[in-house]
Amino acid sequence: MTGCRTRSMSWIGQLWSYETQKVIVVKNRRLGTIYRLLQLLIIVYFVWYVFVVQKGYQAQETGPESAVITKVKGVSTSKGPRGIKKIWDVAEYVKPPEGGSVFTIITRIESTKQQTMGTCPESRTVPNALCVTDEDCKRGEMHILGNGEQTGHCIIAGRGSLRTCEIFAWCPLEDETAISESLQDYVQNFTILIKNNIHFPQFGFSKGNIEGQGFLRNCNYHPVLSPSCPIFTVGFIVSEAGANFTELAKKGGIIGVIINWNCNLDLHLSKCRPEYSFRRLDLQNKISSGYNYRFAKYYNNNGTETRTLIKVYGIRIGVIVHGQAGKFSLIPTIINLATALTSIGIGSVLCDWILLTFMNKNHTYSLRKFDEVWKLEDGTAITTVSSLQESSCISGSACTLVEPVYKDMGPAVEFTIIHDGLGQDGILPPPGS
């Protein structure tokens, strides 16, 4: 019971003890080299990466407020039935026409003309559309992938003996009479003007990608020759995105124009310029590739409501704006400097670990690293010495050590050390103390 109480009191006493560093100079070339290399690596990391590359001395703002306006120019032609030529201008091949950040340039269409409401055989590609008798067709039923409502009759589907259920829908169906027209001959030469204005509210900074109106008349974007021109040709965008134009014009696709603003506001404002990159965004696979959609044009034909169904294949272009701005600020500078100075101490921690783990033969270093100091009732400070302090102290003998233990800034106190030869040293207070 007494032993438990003694250990408990010893543990409680440890709560009120204070630990401070003790400096020991170790004359070891390997350890000293490791220590200096670690310090050098930490300094290089903070100077080069944190302050130069990451600009750790700046306050940063990402995600600028942005507005995008686009304008497409160009004319193309297509050949319809019986070789009839048709002219396509901006009003027809750009959808939607508002000039927003996302738009489609039509490259090919499949049109089904003169559709009216009536009855016709269902498409053979629709599940459960095939039939043998009228009993196979349920009146009023509609399939989610079908084209209309079943009438309950089983009829011949086009030429041959194949029969499908009759439906009430817009007839004739598009897969039976669709006519294909291609615009791709001139699409590569179409030009796209992209106007982009950004604003960083934290710094109150605004900038646009058009620096003057005069140079827009005769410029086309080139990453080296004309990097400030915001006019791009469709062929250049497709090529930079790594896509094949012929395939893209036939099946359609989605391309992203990425505008990145990286502005260092500590420099002149003219140095803040956008960088452009291009990427194909739609995934190419055998199940669903390309990009297409449908719309219809309605008209009245001798009192009958009629429409032309148009399936469009095109290049869908989306303008995506990213950006960040930075400006010198005292707060991040102080924080990163303090972090750098603190991190230099990591070298000492690692070297201490190496010293005490791999180089501490016969506990030579650990005995010298840790000392305990306590105060007697009369106010005298006593130090427990972990090992011999002087070479004159030999095993089984006593020697005198002048230990710089200060009491109220008084003179040094002289102690007598008793060494037992087992690595444990005792201290006797000086005579008359």
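The main-chain N or O of I254 is found under 3.5 Å from a side-chain atom of D282 such that the two form a donor-acceptor pair.
Remark: K327 is not positioned above the aromatic ring of Y57, lacking an NZ or CZ atom under 6.0 angstrom from the ring centre and at most 45 degrees off the axis.
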Practice task
Could you check F232 against F236 for ring-ring contact (aromatic ring centres under 6.0 Å, His included), going step by step and ending with a plain yes or no?
Solution key: CA-CA 7 Å; F232 310 84; F236 176 82; 7.0 Å; no

Practice task
Begin with the C-alpha distance, continue with both residues' side-chain angles, and end with the deciding distance and a verdict on disulfide (SG to SG under 2.5 Å) for C165 and C131.
Solution key: CA-CA 6 Å; C165 293; C131 62; 4.2 Å; no

Problem - Steps toward salt bridge (charged side-chain N to carboxylate O under 4.0 Å, His left out) verdict (K86, E92) - result: CA-CA 11 Å; K86 179 181 178 180; E92 289 190 290; 3.7 Å; yes

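I192 has its side chain within reach of I237: a pair of non-hydrogen atoms, C-beta onward, lies under 4.5 Å apart. Looking at P230 and Y276, their side chains come closer than 4.5 Å, going by heavy atoms from C-beta outward. Residues N292 and V312 fail the side-chain proximity criterion, which asks for heavy atoms closer than 4.5 Å. Using a 4.5 Å heavy-atom cutoff, the side chains of I346 and L38 are not in contact.
Below 30°, between 30° and 60°, or above 60°: for W170 and Y298 the angle between ring planes is above 60°, a perpendicular geometry. Taking the six-membered ring for Trp and thresholds of 30 and 60 degrees, Y291 and Y293 have ring planes inclined between 30 and 60 degrees apart.
Under the 3.5 Å distance criterion, with hydrogens and angles disregarded, no donor-acceptor pair is assigned to the side chains of E275 and N262. The closest side-chain donor-acceptor pair between T77 and W88, if any, does not fall under 3.5 angstrom. N300 and E305 share no donor-acceptor pair across their side chains, judged by distance under 3.5 Å alone. Using a 3.5 Å distance cut-off with no hydrogens or angles, the side chains of S123 and T125 do pair a donor with an acceptor. Between the side chains of N260 and Q324, no donor N or O sits under 3.5 Å from an acceptor N or O. With no hydrogens or angles considered, a side-chain donor-acceptor pair links S270 and H268 at under 3.5 Å.
Annotation: salt bridge (Lys or Arg N to Asp or Glu O under 4.0 Å) contacts of D352 (sequence neighbours excluded): K369.
Remark: E149 does not engage R139 in a salt bridge, criterion side-chain N to carboxylate O under 4.0 Å.
Shown here for I258 and H322, the closest heavy-atom pair between the two residues is CG2-CD2, 3.7 Å.
Applying the side chain to side chain donor-acceptor pair (under 3.5 Å) rule to pairs touching residues 24-35 yields Y35-Q39, Y35-S348, sequence neighbours excluded.
We find the CD1-NZ distance between I194 and K71 to be 13.5 Å, quoted to the nearest 0.5 Å.
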Show me the side-chain donor-acceptor pairs of residues 99-110 shorter than 3.5 Å, one per line, residues at least two apart or across chains.
unit_1	atom_1	unit_2	atom_2	d
T107	OG1	A249	O	2.7
T107	OG1	Y313	O	3.1
R108	NE	K250	O	3.0
R108	NH1	E110	OE2	3.1
R108	NH1	S180	OG	3.3
R108	NH2	K250	O	3.0

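Cys pair C154 and C137 fails the test of SG atoms under 2.5 Å apart.
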